[in-house]
Amino acid sequence: MKLIQSGPKNARIVVVGEAPTGVDIKSNQPLAGGTGELFNRMLSAVGISRSETFITNITHVTPPKGDFRWFLKPSPKLQLVTGLMQLKKDLVEIKPNLVVCLGPYALQYLTGKVGINKWRGSILPVTLEPGLKAIGTFAPSYILKMWDYKAVADFDLKRIAEEATFPEIIRPERTFHLDPSREDSIGLLASLLEADWLSVDIECVNTDSGWKLSCVGFSDSPQRAVVWPCDEVWKVQTIKELCESPVRKVFQNGTFDITVLGDEGIVVPYESFQWDTMLGHHALFTECAGGSDEMSSMGGKKKQAALMKGLGFQTSIYTKEPYYKDDGKTWHETGDKQMFWRYNALDASVTHEIRGVQEKELEEFGTTDVLKHEVALIEPLHKMMQRGVKIDMELRESLKADFQKQIDNLQVFLDKSAGQSVNVKSPKQMLELLYDKLNLPQKYNHKTHKPTANKDAIIELGEKHNHPILQTILAIRQRRDFVERYLDVPLDADGRMRCAYDITGTRTGRLSSRQSIYGSGTNLQNIPSRRPEGEAIRRMFLADRGKVLVGRDYKQAEAWLVAYLSNCEPLIELFNNPDRDVHTENASRIFGIPVAEVKPDQRYLAKKVIHASNYGMGPNRLVQIVNEDTPVTGVRIGFKEASQLMEKYFMLFPEIKETFWKGCERELRYSRVLTTPLGRKRMFFGRWDDKLLREAYAYIPQSTVGDLTNKALINCYHRIEKVVPGAELMLQVHDAIYTQCKVEDALRVSAMMEEAMKIPLTYNGKTFIIPSDCKIGYNWGVRKDDNPLGMVDSEKWRPDAATQTGQLA
DNA sequence: GCAACGAGCGCC
DNA sequence: AAAGGGCGCTCGTTGC
């Protein structure tokens with residue numbers, strides 16, 4: 001058999017891939033072609049040259065279709081066995097300091113570990129030839145397909161370069177005190193109270209009556225941890241004493257921990273909660289926002305991102321502790337409590353270790369203040385999450401009944417028109433109905449290029465074919481969504497709706513929101529409001545008795561940012577002149593008419609054009625966005641008009657492309673990092689393409705507004721909630737903050753919020769403050785004839801409105 | 001019967 | 001040629 005391998009037999013590093021490709025065979029070189037080039041570049045980036053490594057594969061034949069599984073099914077093939085024997089022989093001969101396993105099969109056959117995502121980066125003993133050590137990472141061919149995996153493989157390569165200098169496996173040494181005796185606990189408690197940093201990690205189980213604490217681990221150095229189970233009163237007391245002490249603490253996703261501890265009567269002082277490794281990780285790698293978190297049992301429905309956020313992933317890049325996260329699950333099967341406590345202790349000491357590494361890395365990357373900002377958010381957000389919002393149960397029920405009745409009627413009509421019963425939420429049935437049965441011209445999703453029956457498609461179809469079924473489909477879908485996603489949401493026992501805000505939930509620094517950790521409530525950042533049909537849903541969110549909701553949002557915040565990021569004098573001047581309306585002025589310029597002659601439709605269009613243009617949208621998308629709302633606005637445009645308007649806009653304000661976009665691109669090309677005016681940094685790992693650029697254009701304004709709102713939220717908390725009796729933060733919706741306060745304090749609180757939100761931003765040497773608008777009401781809906789207690793502009797609001805309607809009685 | 005995924009859609 | 005970005009939730013579908 002011909003061997004496809006290369007490199008000196010005295011190499012320190014042996015690289016093992018899975019099987020040669022056709023290109024490898026042809027060139028008689030392992031890791032040839034594009035994957036090889038990529039790998040060479042990654043190696044040289046960490047100071048290793050390919051020629052000093054010995055490169056080989058598990059097997060030396062190419063499997064059909066390049067699918068390695070061919071060697072395994074139905075039973076291991078001879079080619080695999082001989083390949084492994086050859087590999088063992090090569091390893092004996094070379095005796096390298098380190099074996100690098102590229103891809104899951106290389107890892108599995110060399111170390112016995114299954115799961116490249118779990119075990120990559122771990123320093124492992126080689127089982128194929130005992131006495132050697134190995135590190136696994138993603139195969140370069142995989143990275144070529146999934147480019148964001150490169151960033152993670154680069155971490156592993158750094159470790160590979162380091163570990164290749166010596167042959168020993170050096171593990172972190174840690175001493176654990178698991179369930180110490182009462183006598184030993186006295187000394188341990190005393191010394192833990194002296195810690196410079198104390199890491200805390202809880203283990204708990206989800207029961208019908210909420211989260212139940214199982215044990216808590218503490219660590220005062222990476223080398224030591226103590227675990228007390230919660231099975232005796234004195235142990236819980238010890239845990240309580242440590243948690244409630246002023247010693248500064250570090251958690252891993254601690255908002256969850258302090259909530260569960262709080263439910264057990266253990267109150268962690270906020271001022272002692274000074275570090276969170278999940279937040280530290282997020283301040284270093286915002287990309288982790290899309291990744292999974294193995295701590296949480298809910299959510300995680302998204303596609304697995306390469307850069308994960310959980311402790312398992314953090315451990316793999318910040319420490320040399322090998323993967324251990326499966327221990328936390330297997331103890332359940334074995335009932336081995338020692339194993340469970342050891343797992344808890346390891347979590348605690350690893351958390352401590354990670355904090356130390358993060359401190360240096362944050363300093364180096366320049367985002368120490370970003371972490372401080374994120375830590376400062378914990379307290380106000382925790383308060384909001386505990387508080388929740390009161391729900392009008394009667395209104396909720398009647399809304400549900402109303403929508404259900406509408407759904408039923410519309411469904412009867414639809415079934416009759418279609419000649420069969422159809423489910424509007426079944427993509428399959430809808431494609432059949434629209435494109436097969438009704439034979440309408442097929443519409444395609446612009447992103448996936450697949451046939452679609454989504455809203456845009458149906459609206460487009462409706463423009464040419466006036467089939468009554470089309471509108472009905474949309475109406476049913478919308479109302480089913482209202483019921484399923486907003487009205488059927490389980491509430492907490494006290495009739496309140498709570499959510500869980502996630503500080504690490506986005507790549508931009510905006511918050512994300514989802515159902516609470518108890519499984520009740522839902523995302524409170526997407527409650528309907530834009531459409532008249534859905535606005536009523538907001539009416540069920542109430543201020544508490546005797547109070548009003550005071551909501552303040554930044555006006556055109558992202559557009560302000562774009563004006564300054566572009567250093568566009570005419571736009572800046574427009575925004576800063578209170579006598580001029582940006583959209584009217586822009587409409588006047590875009591349509592080439594005097595300001596006084598601008599009609600509402602034109603102003604509206606100008607507004608949409610600005611929004612679309614700022615972020616690299618195309619005219620087609622603008623058409624969709626405008627025509628989607630035609631039933632409400634009466635405004636409709638075509639492709640040609642949209643193109644002309646956008647062209648005009650860019651001609652009027654060339655700085656958007658020339659300064660803002662080009663500047664982004666330059667910075668990105670130079671360092672792959674963009675920094676916002678508020679100091680948040682995002683490294684862009686993706687492949688260099690248009691999508692990357694569009695993400696980049698959106699990043700700075702979106703991130704700045706998110707951080708600005710959160711800074712304002714922190715201000716509101718310290719200057720209002722902690723000062724004005726009865727005033728409380730209620731909601732955060734990206735560029736808006738809602739508080740509630742006593743009716744008589746409403747205008748005062750509104751003014752205080754305005755001040756709290758006046759946070760100066762500086763860019764290009766120009767300092768500016770984005771203004772905000774205020775609305776006040778007894779419920780979250782809009783004040784209308786049929787909703788007199790809804791929110792209204794603060795200028796129009798009078799405190800006596802409620803007494804007239806009896807809300808305060 | 002459950003898990004994972006995609007489509008679709010709500011918000012900013 | 002055409003193209004915003006950022007989220008989370010529900011259902012239907014599919015695959016194990």
Side-chain angles (χ1 to χ4, degrees), chain A residues 286-287 289-290 292 298-304 422-431 444-458 473-474 477-489 499-502 504-515 519 521-531 533-535 537-538 553-554 556-559 562 608 610-625 628 639 642-643 646 661 682 689-703 705-706 709 731-736:
Chain A
T286 50
E287 291 300 301
S292 75
M298 57 275 168
K301 270 151 237 125
K302 287 185 70 174
K303 203 191 283 172
Q304 182 83 357
V422 280
N423 184 343
V424 294
K425 287 194 85 167
S426 162
K428 205 176 151 196
Q429 288 184 39
M430 294 316 293
L431 292 178
Y444 295 89
N445 181 306
H446 293 300
K447 276 193 181 142
T448 61
H449 307 291
K450 287 179 189 166
T452 179
N454 68 17
K455 192 156 82 174
D456 290 338
I458 292 178
I473 291 167
L474 292 182
R477 268 200 203 146
Q478 186 193 47
R479 282 156 182 80
R480 276 188 62 182
D481 248 13
F482 289 160
V483 174
E484 289 159 356
R485 291 174 52 193
Y486 304 109
L487 296 169
D488 274 345
V489 169
C499 72
Y501 290 106
D502 187 349
T504 65
T506 71
R507 295 156 155 79
T508 58
R510 270 160 53 147
L511 300 177
S512 75
S513 155
R514 58 169 178 267
Q515 66 175 194
T522 187
N523 178 0
L524 291 182
Q525 290 179 320
N526 68 348
I527 304 298
S529 67
R530 274 183 61 230
R531 308 312 211 80
E533 307 90 296
E535 179 271 335
I537 292 173
R538 287 204 174 191
D553 63 324
Y554 283 114
Q556 295 297 324
E558 291 194 13
V562 170
K608 296 282 178 187
I610 296 170
H611 193 74
S613 306
N614 286 349
Y615 301 124
M617 246 185 243
N620 251 316
R621 181 76 185 125
L622 177 63
V623 171
Q624 276 179 10
I625 287 170
E628 183 183 34
F639 179 82
S643 311
M646 291 183 72
W661 287 13
R682 174 171 172 193
D689 56 12
D690 288 357
K691 189 177 181 302
L692 185 85
L693 288 178
R694 286 199 305 273
E695 283 174 13
Y697 303 152
Y699 168 65
I700 296 190
Q702 194 181 114
S703 169
V705 174
T709 306
L731 295 160
Q732 192 272 23
V733 196
H734 305 307
D735 67 353

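Only a predicted model underlies this, so the values are computations on that prediction, with no experimental measurement involved.
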Check your understanding: Hey, does the side chain of A:S513 come within less than 4.0 Å of C:dG8's phosphate (OP1/OP2), counting only N and O?
Key -> no

**Study point:** Side-chain N or O of A:K450 closer than 4.0 Å to phosphate OP1/OP2 of B:dG6
**Key:** no

Write down the distance between [atom1] ([X]) and [atom2] ([N]), rounded to a whole number of angstrom.
X	N	atom1	atom2	result
A:I537	C:dT10	CD1	C1'	14 Å
A:N454	C:dT10	CG	P	21 Å
A:Q556	B:dC12	CD	P	13 Å
A:R485	C:dG8	CZ	P	12 Å
A:N445	B:dC9	CG	P	11 Å
A:L511	C:dG8	CG	C1'	14 Å
A:I473	B:dG8	CD1	P	12 Å
A:N523	C:dC7	CG	P	12 Å

Check your understanding: Side chains of A:R480 and A:N423: is there a donor and an acceptor less than 3.5 Å apart?
Key -> yes

Review point. Do we see a donor-acceptor contact under 3.5 Å between the side chains of A:T709 and A:D735?
Key: no

Point to revise | Residues in side chain to side chain contact (heavy atoms under 4.5 Å, CB included) contact with A:P427, at least two apart in sequence or another chain | key: none

Revision key, fill the gap. Applying side chain to side chain contact (heavy atoms under 4.5 Å, CB included) to A:Q702 and not counting sequence neighbours gives A:T508, A:R510, A:E558

Exercise for review: Mark yes or no for a side-chain to base donor-acceptor pair under 3.5 Å between A:R480 and C:dC11, with no hydrogen or angle criteria applied.
Suggested key: no

Exercise for review: Return yes if the base of B:dG10 and the side-chain atoms of A:N526 contain a donor-acceptor N/O pair under 3.5 Å, otherwise no.
Suggested key: yes

To the side chain of [X], which of [options] is closest?
X	options	answer
A:K425	C:dG8, B:dC9, C:dT10	C:dT10
A:E484	B:dA7, C:dA3, C:dC11	C:dC11
A:D735	C:dA2, B:dC12, B:dG10	B:dC12

Check your understanding: salt bridge (Lys or Arg N to Asp or Glu O under 4.0 Å): which pairs involve residues 611-622 of chain A, sequence neighbours left out?
Key -> A:D456-A:R621

Scan [X] against the nucleic acid and name what it touches under 4.0 Å (heavy atoms): base, sugar-phosphate only, or nothing.
X	result
A:I527	sugar-phosphate
A:S529	sugar-phosphate
A:A453	sugar-phosphate
A:N614	nothing

Kindly give the atom pairs (protein nitrogen or oxygen, nucleotide nitrogen or oxygen) under 3.5 Å for nucleotides 4-6 of chain C.
from	atom 1	to	atom 2	distance (Å)
C:dG4	OP1	A:R621	NE	3.3
C:dG4	OP2	A:G618	N	3.3
C:dG4	O3'	A:R694	NE	3.1
C:dG5	OP1	A:R694	NH2	3.4
C:dG5	OP2	A:K447	NZ	3.2
C:dG5	N2	A:R510	NH2	3.2
C:dG5	N2	A:Q702	NE2	3.0
C:dG5	N3	A:Q702	NE2	2.9
C:dG6	O4'	A:Q702	OE1	2.8
C:dG6	O4'	A:Q702	NE2	3.4
C:dG6	N2	A:R510	NH2	3.2
C:dG6	N3	A:R510	NH2	3.1

So [Y] and [X], do their side chains get closer than 4.5 Å, heavy atoms only?
X	Y	answer
A:I625	A:H611	no
A:I527	A:I537	yes
A:F482	A:E533	yes

Check your understanding: Partners of A:Y501 by ring pair (Phe, Tyr, Trp, His ring centres under 6.0 Å), sequence neighbours excluded?
Key -> none

Grab the N/O contacts between the protein and nucleotides 13-16 of chain C below 3.5 Å, and write none if there aren't any.
from	atom 1	to	atom 2	distance (Å)
C:dT13	OP1	A:S426	OG	2.6

Revision key, fill the gap. A:G505 and A:S512 have their tightest heavy-atom pair at CA-OG, 3.4 Å

